There are 2 protein chains.
Amino acid sequence: MNETTASSTQLLRQINSDALLRFALQEQVFTAGEAMAVTGLTRATVLGVCDGLVDAGWLEEVDDSQAVGRSLKGRPARRYQLREAAGVVVGLDAGESYFTTIVADLRGRELGTRRQSIDSHALGRSGRGACARELIRLTLHDVGRTLDDVLLTVVGVPAPIDANGRSPEGKFWQLMNSGFASHLQGMVVVENDANLAAVAERAHEPSANQATLLTGERFGAGLIVDGRLLRGPRGGAGEMRFLDTLTAGKFVPDEGGTDGFGALARKWARSRIHSYEGKTMLRQMPEGEIKAEDVFQAAREGDPFAEDIIARLGARLARIAVVLSSLLDIERVVIAGGISRAIEPVLEHARILLPTETGLPLPELIASRFGAEVVVKGAIESALTQIKAEPNAFLPRAARS
Amino acid sequence: MNETTASSTQLLRQINSDALLRFALQEQVFTAGEAMAVTGLTRATVLGVCDGLVDAGWLEEVDDSQAVGRSLKGRPARRYQLREAAGVVVGLDAGESYFTTIVADLRGRELGTRRQSIDSHALGRSGRGACARELIRLTLHDVGRTLDDVLLTVVGVPAPIDANGRSPEGKFWQLMNSGFASHLQGMVVVENDANLAAVAERAHEPSANQATLLTGERFGAGLIVDGRLLRGPRGGAGEMRFLDTLTAGKFVPDEGGTDGFGALARKWARSRIHSYEGKTMLRQMPEGEIKAEDVFQAAREGDPFAEDIIARLGARLARIAVVLSSLLDIERVVIAGGISRAIEPVLEHARILLPTETGLPLPELIASRFGAEVVVKGAIESALTQIKAEPNAFLPRAARS
DNA sequence: GTGGATTTATTTGGATCTTATATTTAGGTC
DNA sequence: GACCTAAATATAAGATCCAAATAAATCCAC
């Protein structure tokens, strides 16, 4: 397959080829002249490298019949573009209760997507793996591709992931990180879901220092500092179990530490509605059926009980923001996940609570625009980033016919 | 001086030259054969590159009259070593009340060191700059070098430093970050002192994730995550002002946030000795003269009042350790600076307080072995790291005669 | 000492890749 | 069709590395 170590003589070609391919991954179509400007190489060299990339199946020359808007003097330039059939990337959000896939081309355009509810605990590890394989196969089929077309699959799971794709011990984590590499074809990268959300946010709004909180049912944070994603030797960067520990003023095994805002809103509502003395519309429904959405909805309608819960979430968020801002110089805190659509009132509360008198720069608190698709979009983005980082480590599908 | 962008043809030579130079910076003496094994290049190539490095003034061939312990068969290998006169690096700890310098050779051997008390507030910015220049000149003179021999000077200051070496607004920070680049000769890099301490600790005990707390008078932390130093766009990574904010349960402008353990021990002792009801030997001295060392000393002798302060420091440290461990997957927390010699009792208290029942991995709490010299040692280490990262960006002093 | 044996240095030729400089080519314009 | 222009191609030259052959330096056995 790929030569492990190219001879030193060919290293230069490799470097130039990578650079050109990186450029190609960004542009729609490009001419040798444009590539020359970017890479600093000679025309002859660029064309030579392009030849190689066409041979390898990465690029194709585009017939310039529709040379629209080109400068009309001189010999027309040959134009290249990424070969459509070179391959696709697959993103999979392998959550606890649903899977979401996206198949995208190498320029990041979404070709197809699917979503499916699953029961992880019934399926077990191998069941999750098989289910993932089937859902990906279906999505590929939707868009007329096969598993062989996939250059890289990135899977997001709700578990800490270390640099080798492994998770710490723990039944839930081992279930979530279901050994996808053995079930899926080709190159597979497993990543923490909140980290992928952070990658999606970074792509959408580049900022060197931002935290993305994935905080629906469970709580996870993806930290990007100095433009890089933090991981930690056990994949534990971004855990926030310290929160209750600290605020309690003493070290208690926390309860809410792993709960996301959605879960907290529900739990707080159910457990406090008895002792609450005022009026609240939430009393109209059976206690066991109150959901997070009901709380947010009630708050929007001015229900004081619900508003109190919103305020508590805001206070919690403000504490997190203060810690992140102070300790890591975080500039933006993004709330992501399905809950982001309803989170604005919480953000407003939190913004009020941020301490202004300390002279410190305040972090921006915003809601993600990706909704429930953050993780899978981040998976696509992550796949593309990895391919761009080392294009020649991936073999394009179906070299020249 | 240094060509900005080498022609692409010469890039390969540059890469190989860098790799070889990196190797040379680690070894005492080396033969072409050893370099071949490391770089994977041919003998002819290695010798060619070595020729170039000798010409450039980086290497010198060592006469093998004392070929001790070499394999005794065959033609003796030519042996090279880093040229002693190629240059030195300078580290400067530019603290608030004293300066410390070290001059080291390119292999990190300490050649000379000086230390001087200063009054920063009397000197002002330019006074600090001039003082630094003079102290460095003297230290170089001690070891028979001149300012021209310096390849790189790294300066540690007690202020946040962004990627461009600048500090945020603030009288104290601007005073500390005194514009050293304009006062010193050659290439100068300014860095936060705690960050340099962290670099020193990483060099001493490599660990991908560790925090180094510089906590004598002021408080600062250097965070190393995934092997890299965290900085932040404003250089604010590692600030810990959130501590009191959080523990107070509400957002109050903190008081102790910027105080180190030394300062806290002193302040707490002075402010609480009145209300303390038991016996304590610290009452024997005037309240305004109690120093941190006195508190630590009294605690060692079993004084309950002092022990209580130690315990409070331990609780504080434990909280910090829990946050760092949880949020950044930090494995080791190192207490560095002059105070590290006396800090062990605090560490013992803190270790007891770390929550064991959560199933989380506990961070190791240890005292630095570098004492008051961490920062300046880290400066040297940082300088060498930078030179190793891009050797050819530095011109060796005095090419071949 | 002299002649292997051994290891390294040096030389030589060839291959790859890049650059620089013509020369040709493909379009448009007049 | 002559002319213009910018790009493609062709050619020569330079840089670098590798592989193989040759030369050198040292030890050791005799």
Side-chain angles (χ1 to χ4, degrees), chain A residues 3-21 29-56 59 61-81 392, chain B residues 3-21 29-56 59-80 392:
Chain A
E3 269 79 34
T4 46
T5 33
S7 156
S8 180
T9 354
Q10 291 156 315
L11 182 59
L12 195 48
R13 195 45 174 287
Q14 183 91 344
I15 291 172
N16 288 335
S17 177
D18 274 1
L20 192 51
L21 202 39
V29 239
F30 66 94
T31 67
E34 289 160 11
M36 287 165 64
V38 171
T39 62
L41 298 169
T42 311
R43 162 165 276 109
T45 307
V46 166
L47 289 173
V49 172
C50 283
D51 267 1
L53 289 174
V54 168
D55 277 10
L59 298 183
E61 200 170 341
V62 42
D63 284 350
D64 229 354
S65 50
Q66 82 299 9
V68 201
R70 308 299 305 159
S71 79
L72 297 169
K73 291 182 199 167
R75 175 175 179 170
R78 290 168 64 175
R79 300 169 73 200
Y80 298 89
Q81 68 181 9
N392 274 304
Chain B
E3 269 79 35
T4 47
T5 34
S7 156
S8 177
T9 359
Q10 291 155 315
L11 181 59
L12 198 48
R13 196 40 174 293
Q14 184 90 344
I15 291 172
N16 288 335
S17 176
D18 274 1
L20 192 50
L21 201 39
V29 241
F30 66 94
T31 67
E34 290 159 9
M36 286 164 63
V38 171
T39 61
L41 298 169
T42 311
R43 163 165 275 110
T45 307
V46 166
L47 289 172
V49 173
C50 283
D51 267 1
L53 289 173
V54 169
D55 276 9
L59 299 183
E60 63 188 359
E61 200 170 341
V62 42
D63 284 349
D64 229 352
S65 50
Q66 82 297 11
V68 201
R70 308 296 306 158
S71 81
L72 298 169
K73 289 182 202 165
R75 175 174 178 169
R78 289 169 64 175
R79 300 169 73 201
Y80 297 90
N392 273 304

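In the text below, chain A, chain B and the rest are named by the order of the sequence lines, each starting its count at 1. Just so you know, these numbers come straight off a predicted model, no measurement behind them. Atom set for the values below is all heavy atoms of this structure, side chains included, hydrogens, waters and symmetry mates excluded.
One finds the CG atom of B/Leu11 at 9.5 Å from the CG atom of B/Asn16 (value rounded to the nearest 0.5 Å). To the nearest 0.5 Å, the span separating CD on B/Gln10 from CG on B/Leu12 amounts to 11.0 Å.
Atom pair A/Ile15:CD1 and D/dC17:P shows a separation of 12 Å (rounding to whole Å applied). Taking atom CG of A/Asp63 as the reference point, atom C1' of C/dG27 lies 16 Å away to the nearest angstrom. Summarising the geometry, the separation between CD on A/Gln14 and P on D/dC17 is reported as 17 Å, rounded to the nearest angstrom. For the pair B/Asp51 CG and C/dA9 C1', the interatomic distance rounds to 11 Å; values are reported in whole Å. The separation between A/Leu47 atom CG and D/dA10 atom P is 11 Å, rounded to whole Å. Between B/Arg43 atom CZ and D/dA21 atom P there is a gap of 17 Å when expressed in whole angstrom units.
Checked against side chain to side chain contact (heavy atoms under 4.5 Å, CB included), B/Val38 has the following partners two or more places apart in sequence or in another chain: B/Phe23.
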Below 3.5 Å is the cut-off: list the nitrogen or oxygen pairs between protein and nucleotides 18-26 of chain C, distance only.
| from | atom 1 | to | atom 2 | distance (Å) |
| --- | --- | --- | --- | --- |
| C/dT18 | OP1 | A/Asn16 | ND2 | 2.5 |
| C/dT19 | OP2 | A/Thr42 | N | 3.1 |
| C/dT19 | OP2 | A/Thr42 | OG1 | 2.8 |
| C/dT19 | OP2 | A/Thr45 | OG1 | 2.9 |
| C/dT19 | O5' | A/Thr42 | OG1 | 3.2 |
| C/dT25 | O2 | A/Arg75 | NH1 | 3.2 |

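Screening B/Leu20, B/Val29, B/Val54, B/Thr31 against B/Tyr80 for a side chain to side chain contact (heavy atoms under 4.5 Å, CB included) leaves a single residue, B/Val54.
Of the candidate nucleotides D/dA8, C/dT6, C/dT10, C/dT6 has the atom lying nearest to any side-chain atom of B/Lys73. For B/Gln10, whose side chain is taken as the heavy atoms from C-beta onward, the closest listed nucleotide among C/dT6, D/dT16, C/dT10 is D/dT16.
The phosphate of C/dA9 (OP1 or OP2) has no side-chain N or O of B/Arg78 nearer than 4.0 angstrom.
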Distance-only donor-acceptor pairs under 3.5 Å for side chains of residues 41-53 of chain B, two or more places apart:
none

